[in-house]
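The structure appears below as structure tokens.
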Amino acid sequence: MKKSKNLMMAAALLTALTMLVAFNVREPAEETSIRTAVMVTDWERAKAYTLEYLNASTDEVINFKPTAKMRSFGQQMLHLAEANYGFASTASGKANPVPFGSLEKSDKYKTKDAVAKEVMASYDFVISAVHEIPESKMSEIVKVFNKFDLSRAATMDKAFEHQTHHRGQTTVYLRLKGIAPPQEKLF
């Protein structure tokens with residue numbers, strides 16, 4: 001009888017231990033999907049917000065420079081796009097389809113539609129890259145701009161910060177042209 005009780009107790013402990021191990025094995029997979037989902041949601045929101053800025057502009061605004069030494073509105077947006085490609089390429093290991101400076105310095109992006117198409121494509125590239133970085137590689141160190149050692153996750157954080165900064169700069173361009181910028185889009 002005592003032997004039976006001990007066997008049942010051992011079986012119960014083994015079952016509990018198995019469930020605990022199984023739960024812990026599944027937990028990181030859930031974290032991965034949540035982390036990726038949050039990143040993707042933030043980038044999709046940033047893409048929509050940037051599109052609102054582009055939609056608020058005109059062809060005249062696209063080519064507007066507040067001073068001769070500043071970028072035009074369109075160049076700010078194209079710079080943002082080039083950096084999106086660069087950061088996401090570095091973080092994910094995907095080949096960068098756009099050499100740095102090739103968009104911003106090109107004469108072919110003088111219309112709102114042309115700029116918007118390129119900028120939106122950069123966001124699509126970023127979102128695709130985020131989906132392709134496995135959670136197990138997010139903490140790996142990569143070399144950013146051949147100068148900084150950052151984790152893949154931190155590289156994506158810097159990309160987000162960068163696009164936010166340059167989009168924010170274009171608020172002044174719109175205001176100088178008498179256009180109210182889009183409402184803040186934190187969520």
Side-chain angles (χ1 to χ4, degrees), residues 38-130 133 142-187:
V38 168
M39 276 182 134
V40 167
T41 297
D42 283 344
W43 277 100
E44 287 174 346
R45 177 178 45 83
K47 177 184 176 183
Y49 195 26
T50 302
L51 184 58
E52 287 180 21
Y53 268 78
L54 288 160
N55 286 340
S57 75
T58 64
D59 287 347
E60 179 188 348
V61 171
I62 290 294
N63 296 291
F64 172 62
K65 287 181 157 190
T67 70
K69 291 185 179 183
M70 292 177 72
R71 291 178 172 115
S72 69
F73 180 98
Q75 287 170 325
Q76 286 283 11
M77 289 292 182
L78 293 167
H79 172 77
L80 174 160
E82 289 171 352
N84 281 353
Y85 282 116
F87 278 114
S89 175
T90 299
S92 68
K94 288 177 70 166
N96 187 344
V98 176
F100 197 76
S102 65
L103 298 177
E104 182 182 343
K105 293 183 172 92
S106 174
D107 286 333
K108 85 181 209 187
Y109 303 105
K110 299 296 182 189
T111 67
K112 175 177 150 174
D113 290 342
V115 171
K117 179 180 177 187
E118 291 302 324
V119 173
M120 292 299 102
S122 78
Y123 281 96
D124 291 340
F125 183 85
V126 169
I127 292 165
S128 172
V130 169
I133 304 171
V142 293
K143 190 68 98 175
V144 180
F145 304 129
N146 295 318
K147 186 175 182 181
F148 304 102
D149 293 324
L150 297 173
S151 69
R152 293 178 192 277
T155 301
M156 291 308 303
D157 290 344
K158 293 297 181 188
F160 198 84
E161 181 180 347
H162 182 270
Q163 62 85 37
T164 300
H165 168 77
H166 285 283
R167 183 184 53 240
Q169 287 181 319
T170 64
T171 298
V172 176
Y173 292 67
L174 292 175
R175 291 242 184 245
L176 287 171
K177 286 299 191 176
I179 300 169
Q183 291 295 311
E184 188 173 29
K185 202 176 196 88
L186 285 177
F187 304 98

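Heavy atoms only: backbone and side chains are in, while hydrogens, waters and symmetry mates are out.
- Between atom CZ of residue F100 and atom OG of residue S89 there is a gap of 13.0 Å, rounded to the nearest 0.5 Å.
- Here the closest non-hydrogen pair linking A48 and K185 is CB-CE, 4.0 Å.
- Residues passing the ring-ring contact (aromatic ring centres under 6.0 Å, His included) test with Y109: none are found, sequence neighbours excluded.
- Scanning both residues, A154 and L150, for their nearest heavy atoms gives CB-CB, 4.2 Å.
- Enclosure of atom NZ in K117 is not indicated, since only 12 or fewer non-hydrogen atoms of other residues, nucleotides or ligands lie within 6.0 angstrom.
- The nearest pair of heavy atoms linking S57 to F73 is CB-CE2, 3.8 Å.
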Intermediate values then yes/no, side-chain contact (heavy atoms from CB on, under 4.5 Å), L80 and Y123
CA-CA 10 Å; L80 174 160; Y123 281 96; 3.5 Å; yes
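- Between the side chain of T164 and the backbone N or O of F160 there is at least one donor-acceptor pair closer than 3.5 Å.
- Side-chain atoms of D59 come within 3.5 Å of backbone atoms of K112 as a donor-acceptor pair (strictly under, hydrogens ignored).
- In summary, K47 and E44 do not engage in a salt bridge, as defined by a charged side-chain N under 4.0 Å from a carboxylate O.
- Note: H162 and H165 have tilted aromatic rings, judged against thresholds of 30 and 60 degrees for the angle between ring planes.
- Using a 4.5 Å cut-off on side-chain heavy atoms (C-beta onward), Q163 and F87 make no contact.
- The minimum heavy-atom distance linking V61 with I179 is given by the pair CG2-CD1, 3.7 Å.
- For the pair D157/S151, no side-chain contact is recorded, criterion being any heavy-atom separation below 4.5 Å from C-beta on.
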Between V126 and D124, is a side-chain contact (heavy atoms from CB on, under 4.5 Å) present by the stated rule, with each step listed?
CA-CA 5 Å; V126 169; D124 291 340; over 6 Å; no
side-chain contact (heavy atoms from CB on, under 4.5 Å) between E52 and Q183: does it pass, once the steps are laid out?
CA-CA 9 Å; E52 287 180 21; Q183 291 295 311; 5.9 Å; no
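- Looking at T170, its side chain never comes within 3.5 Å of a backbone N or O of Y173 through a donor-acceptor pair.
- Residue K94 qualifies as enclosed at atom NZ: its count of foreign heavy atoms under 6.0 Å is above 12.
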Take H79 and Q76, measure what side chain to side chain donor-acceptor pair (under 3.5 Å) needs, and give me the verdict at the end.
CA-CA 5 Å; H79 172 77; Q76 286 283 11; over 6 Å; no
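- Across all their heavy atoms, N63 and K110 have their closest contact at ND2-O, 2.8 Å.
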Hey, mind stepping through M39 and I133 against side-chain contact (heavy atoms from CB on, under 4.5 Å) and telling me if it holds?
CA-CA 11 Å; M39 276 182 134; I133 304 171; over 6 Å; no
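- Side-chain N or O atoms of S92 include one that pairs as donor or acceptor with a backbone N or O of A88 at under 3.5 Å.
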Show the numbers, then the answer: is there a side chain to side chain donor-acceptor pair (under 3.5 Å) between T171 and Y53?
CA-CA 8 Å; T171 298; Y53 268 78; 2.7 Å; yes
